[in-house]
Amino acid sequence: MRIDKDLVAASATPLVLGILMDGDLYGYAILKRVGELSGGGMQWTDGMLYPLLHRLERLGYVSSSWGTSDAGRRRKHYAITQAGREALADRQQQWAVVSGALRQVWQNTPRFPAAVEGWA
Amino acid sequence: MEVSHDELEAQIDRWRGYIQRNQAISPVDVDELEDHLREQIAERQASGLDDEEAFLVAIKRLGNLDAVSREFAREHSDRLWKQLVLLPDGSDGAGAPPWRELAVVLALAVGAGVAVKVGLALIGDGEALARNVGLLTLPFLAGYFAWKRRVSIRVVAALVIPVVVLAATLNLYPFVPGGSTAMLAALHSVVVLWLLVGVAYVGGRWRSGRRRMDFVRFTGEFAIYFTLLALGGAVLIGLTLATLQIIGIDFESVMEEWILPFAVPGAVVVAGWLVEAKQQVVENIAPVLTRVFTPLTAAMLLALLPVLATAGGLVDADRNLLILMNAILVLVLCLLLYSISARDSLAPPGLFDGLQLVLVLAALGVNAVMLTAMLTRIAEFGYSPNRTAALGLNILLLIHLVWAAWLAVAFLRGRRPFAVVERWQTSYLPVYGVWAAVVVLVFPPLFSFS
C-alpha cells in the first residue's frame with residue numbers, strides 16, 4: 001500500500017521526534033526505524049529526511065553532534081531536546097484529536113466496496 | 001573484487017562532486033548524506049547485491065537530487081539567498097531573459113532620475129524637495145522588485161496606498177517653513193518607504209520571519225553596493241572635474257543639474273539590481289565586515305560611555321550630541337541585525353556571539369545615558385517634536401536591545417537555539433515602521449506643524 005504524500009509529510013515531524021525519544025540516532029537509523037514501525041508502508045525519499053532534521057534543529061527541537069561510525073566514518077547524531085519533547089507532546093494531542101475524529105466517522109459510515117477491496 | 005570496490009569509490013566520488021556543486025548543500029551536509037549513502041550500500045551488499053547494483057539502489061533511494069537540494073535550499077535559504085528568486089515559487093526556472101531584466105532596470109533607473117529632475121524643476125530647491133526625495137526614488141526600486149516577484153494585485157495595493165498617503169501627507173500638511181516636524185516627517189518617511197521596498201522585496205510575504213531576514217541581508221548588501229557605486233562615481237566625477245577645470249570649462253553646473261540628479265537615484269535602483277543579480281564579489285566580504293566592525297563598534301561604544309557618563313550637566317548636553325548618539329545607536333542596531341543575518345543559525349555559540357553580546361550591552365549603556373539626558377531635557381524644557389521623536393526612538397531601541405541581550409545570554413548558555421534570537425529581531429522590525437509612520441502622520445498636527 002502506498003501512503004499519500006501529504007500524509008507522510010504531515011506525520012514526519014512527530015514520527016522523527018517520537019523515534020528520537022527512545023534515544024539518539026543518526027539519519028539512516030531513523031529511516032530504518034520508520035520502515036520497521038510502518039511495516040515498510042512508509043517509504044520516505046531518503047534525502048528528504050536531512051532537510052527535515054535540519055529544520056527541527058533550527059527550531060530547537062533536536063540537537064546534533066558529530067561522532068564516528070563503526071566503520072570509522074564521521075557520522076552526525078541527533079538527540080531530542082526539551083523543546084522537542086514539548087513539541088512532540090503538543091503534536092500527540094493534535095494527532096489524537098484527528099485520529100479520534102476519523103475513527104468515529106469511519107465507524108458510522110459503511111465502507112465503499114473499493115475501499116474494502118483495497119484493505120484486503 | 002578489489003577492482004570493483006575501486007570503481008564504487010570512484011562512483012561515490014563523482015556523486016560527491018556532483019552534489020557539491022549545489023550551493024544549498026554545504027560540505028558537512030554532503031558528509032552526512034555520504035554516510036547515509038554508504039550505509040545504504042553496505043546493507044544492499046550484505047543482502048547480496050554487487051557494488052554497482054548497491055550503488056544504484058542507494059542513489060535511487062536518496063531521491064531526485066534536484067528535489068532534495070530544493071528542500072535543502074528552502075531550509076538553508078541563508079546559504080543562497082541571492083538565488084531566492086528561483087526558489088520560493090520554484091515553478092519556472094527560466095523566467096524573463098536577462099536582457100529584458102536589464103532593460104527594465106535601466107528604464108527604472110532612468111525613471112527615478114527623471115522623477116528627481118522633474119521634482120527639482122517643479123518643487124525647486126529646499127525643504128519641500130528634501131521631503132519628497134524618498135518618494136521620488138524608492139518607489140522605483142520597489143517597482144523593480146514588484147515586477148521581478150510578479151506580486152499580486154493585493155500586494156500592489158498594499159504598496160501603492162501607503163505611498164499615496166505618504167505623498168499626500170508630506171505635500172498637503174501645512175508645515176511651518178524651517179520647522180522641525182517637516183524635517184522629522186522627511187526623515188521618517190524614508191524609513192517607511194524602505195520597509196515598503198521590503199514588502200516588494202519579499203514578494204508580499206512580509207509575515208514570514210525568514211523572508212524578513214532575507215530583506216535585512218538585502219539591506220546590508222545594498223548599502224555595500226551603493227557605497228561602492230558612490231565611491232566609484234565620486235572618483236570618476238572628481239577626475240573629470242579636475243581635468244575640465246584645467247582646460248577651463250565649468251563643469252560644476254552640469255554636474256549639479258544633470259549628472260547628480262540622474263546618477264544618485266539611478267544608483268539606488270542599480271544597486272538593488274546588483275544585489276539581486278547575485279554578483280558574488282561581495283558575498284564573502286559581508287560576514288568579514290561584520291566580524292571586523294562588531295568588536296570595533298563595541299570598543300567605540302565602551303570608550304564613549306564613560307565620556308558621556310562623566311560629561312556632567314546632561315540637561316545642557318549639546319542637542320547635536322544627542323542626535324549624533326541616536327544615529328550611532330541606530331547604526332549599531334543595523335550592524336547587529338546584519339551580523340545576525342550573516343550568521344549560520346546552526347553554528348554553536350562562539351566567541352563572536354560573546355562579542356555581539358558585549359556590543360549589545362555597551363549599546364544599552366549608551367542608551368541608558370541618552371534616555372536620562374532626554375528625560376531631564378524634557379522635564380526642563382517640555383516636549384518638543386524633536387525631543388519626543390528622539391525619546392520614542394530611544395524607548396523602542398531600549399526594548400529591542402534589552403530583549404536581544406536577554407536572548408543572547410540564553411543562547412550563549414545553550415538554553416535557547418539561535419533561531420529564537422533571529423525571530424526576535426525580525427518580529428520587532430515592523431515596530432520601527434509603525435513608529436516612523438506615527439512620526440510622519442501624527443506628529444505634525446500634534447505639534448501644530450511647527
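All figures in this text were calculated on a predicted structure; none of them were measured in a lab. To find a chain, count down the sequence lines: A is the first, B the second, and so on, and within it residues start at 1.
Summarising the geometry, atom CG belonging to A:L49 is positioned 11.5 Å from atom CD belonging to B:E71; distances are rounded to the nearest 0.5 Å. Rounding to the nearest 0.5 angstrom, the gap separating the NE2 atom in B:H36 from the CG atom in A:D46 is 3.5 Å.
Interface remark: A:R75 contributes backbone and side-chain atoms alike to the contact with chain B (heavy atom separation under 4.5 Å). At a 4.5 Å heavy-atom cutoff, B:A42 makes no contact with chain A through either its backbone or its side chain. If you measure heavy-atom distances from B:R416 to chain A, you find no contacts under 4.5 Å at all.
Residues B:E43 and A:K32 are in side-chain contact: their nearest non-hydrogen atoms beyond the backbone lie under 4.5 Å apart. Between B:D31 and A:K76, every side-chain heavy-atom pair lies at or beyond the 4.5 Å cut-off. In this structure the side chain of A:Y50 never reaches within 4.5 angstrom of the side chain of B:E75, judged on heavy atoms. No side-chain heavy atom of A:L31 sits under 4.5 Å from any side-chain heavy atom of B:R61.
Smallest separation of non-hydrogen atoms from B:D35 and A:Y26: OD2-CD1, 4.3 Å. A pairwise comparison of heavy atoms in B:F72 and A:G47 identifies CE1-O, 4.4 Å as the closest pair. Considering all non-hydrogen atoms of both residues, B:P417 and A:G60 come closest at CG-CA, 3.7 Å. When all heavy atoms are compared, the tightest approach of A:T45 to B:G63 is CG2-CA, 3.1 Å. Across all their heavy atoms, A:R58 and B:A419 have their closest contact at O-CB, 3.0 Å.
Remark: A:W95 CH2 is packed, more than 12 non-hydrogen atoms of other residues, nucleotides or ligands lying under 6.0 Å away. More than 12 heavy atoms of other residues, nucleotides or ligands lie within 6.0 Å of CZ in B:R14, so this atom counts as buried by the packing criterion. Within 6.0 Å of atom CZ in A:R85, more than 12 heavy atoms from other residues, nucleotides or ligands are found, so the atom counts as buried in its surroundings.
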* Would you check, one step at a time, whether the test salt bridge (Lys or Arg N to Asp or Glu O under 4.0 Å) holds for B:E39 with A:R73? => CA-CA 10 Å; B:E39 196 81 347; A:R73 284 198 303 274; 3.4 Å; yes
